[in-house]
Amino acid sequence: MYIPRHITNSLQTLKDKYPVIALTGPRQSGKTTLIRKTFPNHTYVSLENPDLRERAITDPNSFLGTYSGDVIFDEVQRVPQLFSYLQTVVDLNQKMGEYILSGSQNFLLLESITQSLAGRVALLKLMPLSFQEMEAEGLMKSTWEETTFQGFYPAIFDRELEPTIFYPNYLETYLERDVRTLTTVKDLRLFQIFLKRCAANVGQVLNLSSLASEVGITSPTAKSWLSLLESSYIVFTLSPYFRNFNKRIIKSPKLFFYDTGLVCSLLEMNTAKDIDRYFQRGSLFENLIVAEFHKLLLHQGKRPNFYFWQDSNHNEIDLLWEEVGKINLLEIKSGKTFSQSWLKNLHKISSVMGEQVDKKILIYGGDEEFNHQGVSVKSWKQVVD
């Protein structure tokens, strides 16, 4: 089952503007399927193949001579030495869209690209499925709790896998294939505990010292492990917005996962009903919505520039972004029945910002959509319409 991806338009557009297109993202987000569907006339070469990888390492010139013309190199981070030789070839040929590169380990792939292919490569990031992609194929669940628990990795739908089967195996693969390659992680058991503590803190202001103490590691180790999770597209952080506000605001970022199904698995949930009993269900819903906004921009080839705002009295706006000098405010509430009290912070912060504010939006767990007191109230299902 192939699910069309919105990032396809960006891939096709950039192919005519850059000699190299690099597609990265988390494991099993559908990169290989996407590039093979999008570029069927390119020769496909997987560097997971040990024989091909050995040839690329020991004799890169001969290897690139064999695979000349339009080529896809998959899992290219396995042969970082290849990038310098690619630079020579693309500079000589001056052909757009000649090489399509794909890799999961962003921490290795980006370093190699930065060193060797700067200015020659367009970098795109493929995340798990978005609401729009799933809706188009009739894959969306009827409630946000079911959607959150199910998650968004294509393999779940392609192979009709239960989340309780897919995610434990996904985590094992991630730990075995990615984490073990890094010398910074010497104790996988502690790293697994760290992952679970991160899941327990989604949507919360990040306190690395506290997190490290809970796991039994040092703060520098926690910082290093968080960077690893960010680089392999497991988590991301949301920075606080502070311009034009008093200096007492919160300065630490918030922590989120790109996929909520993974969060539920780490929290040892067995069904969507477990979300109803979870004491931080609102934070799970916030993660669902914030991640969706990030996926939308990443699949358009854009950099997400989202923030949150919170002062020392815990007055908070969940999501904030700027457009042409104007500020948009977004509140996120998991309840399914609208309450006027949910608008309090939107009105309060809007009065402080004054004419800077353009849109005021509330996204909630229900189905109805309407305008109320200058606020656009939207269903979670139409989060990015």
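Values below: all heavy atoms of this structure, side chains included; hydrogens, waters and symmetry mates excluded. Remember, predicted model here, so these are calculated numbers, not experimental data.
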Side chain Ser334, main chain Phe285, donor-acceptor under 3.5 Å: no

Report all side-chain donor-acceptor pairs from residues 7-22 shorter than 3.5 Å, counting only partners two or more places apart or in another chain.
unit_1	atom_1	unit_2	atom_2	d
Thr8	OG1	Arg5	O	2.8
Ser10	OG	Gln300	O	3.4
Thr13	OG1	Asn9	O	2.9

OH on Tyr364 to CH2 on Trp144, rounded to 0.5 Å: 14.0 Å

Non-hydrogen atoms of Ser379 and Gly366 that approach each other most closely: OG-O, 2.8 Å

Counterpart residues, side-chain hydrogen bond (donor to acceptor under 3.5 Å, both in side chains), relative to Ser376 (two or more places apart): none

Polar side chain donor-acceptor pair, Tyr307 to Glu322, under 3.5 angstrom: no

Check ion pair Arg197-Glu214 (N to O, under 4.0 angstrom): yes

Salt-bridge present (Lys381, Glu292; N to O < 4.0 Å): no

Euclidean distance, Trp321 CH2 relative to Asp358 CG, rounded to 0.5 Å: 9.5 Å

Contacts of Arg53 that satisfy side-chain hydrogen bond (donor to acceptor under 3.5 Å, both in side chains) - sequence neighbours left out: none

Within one Ile-Leu-Val-Met-Phe-Trp-Tyr cluster: Phe279 and Leu267, side-chain cutoff 4.5 Å: yes

Contacts of Asp51 that satisfy salt bridge (charged side-chain N to carboxylate O under 4.0 Å, His left out) - sequence neighbours left out: none

Common cluster, Leu64/Leu92, ILVMFWY with side-chain heavy-atom separation under 4.5 Å: no

Atom pair CD1/CZ of Ile193 and Arg189 - distance to nearest 0.5 Å: 4.5 Å

Heavy-atom closest pair, residues Gly335 and Trp342: O-CH2, 3.6 Å

Qualifying residue, where the test is side chain to side chain contact (heavy atoms under 4.5 Å, CB included) with Leu206 and the options are Asn201, Leu238, Leu255: Leu255

Any side-chain heavy-atom pair of Leu171 and Leu195 under 4.5 Å: yes

Short side-chain to backbone donor-acceptor contact, His6 and Leu296, under 3.5 Å: no

Sub-4.5 Å side-chain heavy-atom contact between Glu323 and Asn305: no

Listed pairs under 3.5 Å, donor-acceptor, residues 32-43 side chains, sequence neighbours left out:
unit_1	atom_1	unit_2	atom_2	d
Thr32	OG1	Asp74	OD2	2.5
Thr38	OG1	Leu34	O	2.7
His42	NE2	Gly97	O	2.9

More than 12 heavy atoms of other groups within 6.0 Å of Gln94 CD: yes

Sub-4.5 Å side-chain heavy-atom contact between Thr24 and Ser102: no

Flag side-chain contact, heavy atom, 4.5 Å: Gln132 against Glu135: no

Modelled atom types, side-chain donor and acceptor of Ser213 and Ser210, under 3.5 Å: no

Non-hydrogen atoms of Glu137 and Pro4 that approach each other most closely: OE2-CD, 3.4 Å

Exercise: do His347 and Gln373 side chains pair donor with acceptor under 3.5 Å: yes

Exercise: identify the closest heavy-atom pair between Val263 and Ala199: CG1-O, 3.8 Å

Aromatic ring proximity Phe308/Tyr241, centre distance under 6.0 Å: no

salt_bridge(Asp318, Lys333) N-O dist < 4.0 Å: no

Side-chain heavy-atom pair Tyr99, Val76 within 4.5 angstrom cut-off: no

Greater than 12 external heavy atoms within 6.0 Å of Lys95's NZ: yes

Aromatic ring proximity His372/Phe338, centre distance under 6.0 Å: yes

Residue pair Tyr170 / Asp259, side-chain heavy-atom distance below 4.5 Å: no

Donor-acceptor under 3.5 Å (Lys326 side chain, Glu355 main chain): yes

Rounded distance [0.5 Å steps], CD1 in Ile100 versus CD in Glu98: 10.0 Å

Contact summary for Asn345 and Glu331, nearest pair of heavy atoms: CB-OE2, 3.9 Å

Short side-chain to backbone donor-acceptor contact, Ser231 and Leu228, under 3.5 Å: no

Flag for Tyr2-Asp158: side-chain donor and acceptor within less than 3.5 Å: no

Taking every non-hydrogen atom, the tightest pair across Trp309 and Asn315: CZ3-O, 3.6 Å

Option passing ring-ring contact (aromatic ring centres under 6.0 Å, His included) with Phe73 (candidates Phe83, Phe63, Tyr44, Tyr85): Phe63

Backbone N/O of Pro220 and side chain of Ser224: donor-acceptor pair under 3.5 Å: no

Spatial distance of atom CD1 (Ile165) from atom CD (Glu160) [nearest 0.5 Å]: 14.0 Å

Cluster link Val215 to Leu188, ILVMFWY, side chain under 4.5 Å: yes

Non-hydrogen side-chain atoms of Arg27 and Tyr233 separated by less than 4.5 Å: no

Side chain to side chain donor-acceptor pair (under 3.5 Å) pairs, two or more places apart, involving residues 266-279: Lys196-Glu268, Asp274-Arg277, Asp276-Arg281

Check: Thr143/Glu146 side-chain N/O donor and acceptor closer than 3.5 Å: yes

Pair Tyr174, Ser232: side-chain N/O donor-acceptor within cut-off below 3.5 Å: yes

Non-hydrogen side-chain atoms of Val235 and Phe256 separated by less than 4.5 Å: no

Exercise: do Gln204 and Gln280 side chains pair donor with acceptor under 3.5 Å: yes

Distance in Å, Cys198 SG paired with Trp225 CH2, rounded so as to fall on 0.5 Å steps: 10.0 Å

